[in-house]
Amino acid sequence: MSVRRLAEEQFQPANFSFNEENAVWAEATIRKYPEGRQQSAVIPLLMRAQEQDGWVTRSAIEHIAAKLDMAYIRVLEVATFYTQFQLKPIGTRAHIQVCGTTPCMLRGSEDLIKVCQKKIHHDPLHLNATGTLSWEEVECQGACVNAPMVIIFKDAYEDLTPERLEEIIDTFEAGKGAEVKTGPQIDRHESAPIGAPITLVDDIKPVRTNLEPQPQAVTEGASVPPANAGRPKDTAPETDKSLKTPVTAPKAAAENVKVAEKGEGSPTTTETAPAATGSTAEGAPAELGVPSGETKPKRSRKPKPEGESS
Ligand code: FES
């Protein structure tokens, strides 16, 4: 997998605009999204720009960013993330994207790449001599069960052998790509097992008594309490609104801050906070380890004279 960058400057056209038909289509597509969500049209618009010019140019990205009121970098991120967007000129008749991820690799994708190197160009994303073909390696295309496979434009060609890929490339090179059967290239229906079905082939009616009408259970008068499943169980003190906080007892909280700053000992607790578990009769939170009714010794926070050890 290579780093995806925009094409070099010499390939970039100065301007981009949708042709008349695509401009109408783009406006209609943008209107499909709710007010304020028009940026969701970025992928369809980029794809349309690619279908119009063959690849996604920098000026197309700029044009779409302006159209959707998006930052240029946001559209660039989308265009460079998806390998479905071509950032350089590609073959006019076929751009072969060979899946090189593990399942396809184990089933022979490296041999498919050798075919592309032999018939198109040694390096990915380089055109052949006539400019009609190009290739690149991509990550999983979601057809692992029929590995190895390639994507050519919008179609997948699966269960490939090097020989079959050579035939496919030759057909596209001859301008007859539409004649090539898409999907599995062997005796397989979509992603079903190879050959004829071998399971669930007998048309036997299952013997299942539970398919017969069953007598209804008597439910009259039955009371089923609502389940507590899914209800939040929140007993954390941080979220217990009844515990005293600067919000529930602002006066006491401010007093505590003053005392702490002066270093004069235990905070004042004269304000009454809402009754809560763990609070004293006055509303102040009970201190851990100090029995009710006892006073915790005061702690001096004044700095000690210099030279005195702690
Ligand atoms: S690994 Fe090739 S399609 Fe998934």
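Note that ligands are numbered from 1 as they come in the structure, with each ligand's atoms numbered from 1 the same way. For this chain, numbers begin at 1 and follow the sequence in order.
In this structure, A14 and S59 approach most closely via the heavy-atom pair O-CB, 3.9 Å.
Of the possible donor and acceptor atoms, one in the side chain of R188 sits under 3.5 Å from a partner among the backbone N and O of A192. Of the possible donor and acceptor atoms, one in the side chain of K181 sits under 3.5 Å from a partner among the backbone N and O of P184. Using a distance-only test at 3.5 Å, with no hydrogens or angles considered, no donor-acceptor pair links the side chain of Q185 to the main chain of Y157.
By the criterion of a separation under 2.8 Å, the protein N/O/S atoms near atom 2 (Fe) of ligand 1 amount to C99 SG, C104 SG.
Residues satisfying the salt bridge (charged side-chain N to carboxylate O under 4.0 Å, His left out) test with D155, not counting sequence neighbours, are none.
At a threshold of 4.0 Å, the pair E158-R107 does not count as salt-bridged, since none of the basic side-chain nitrogens sits closer than that to a carboxylate oxygen.
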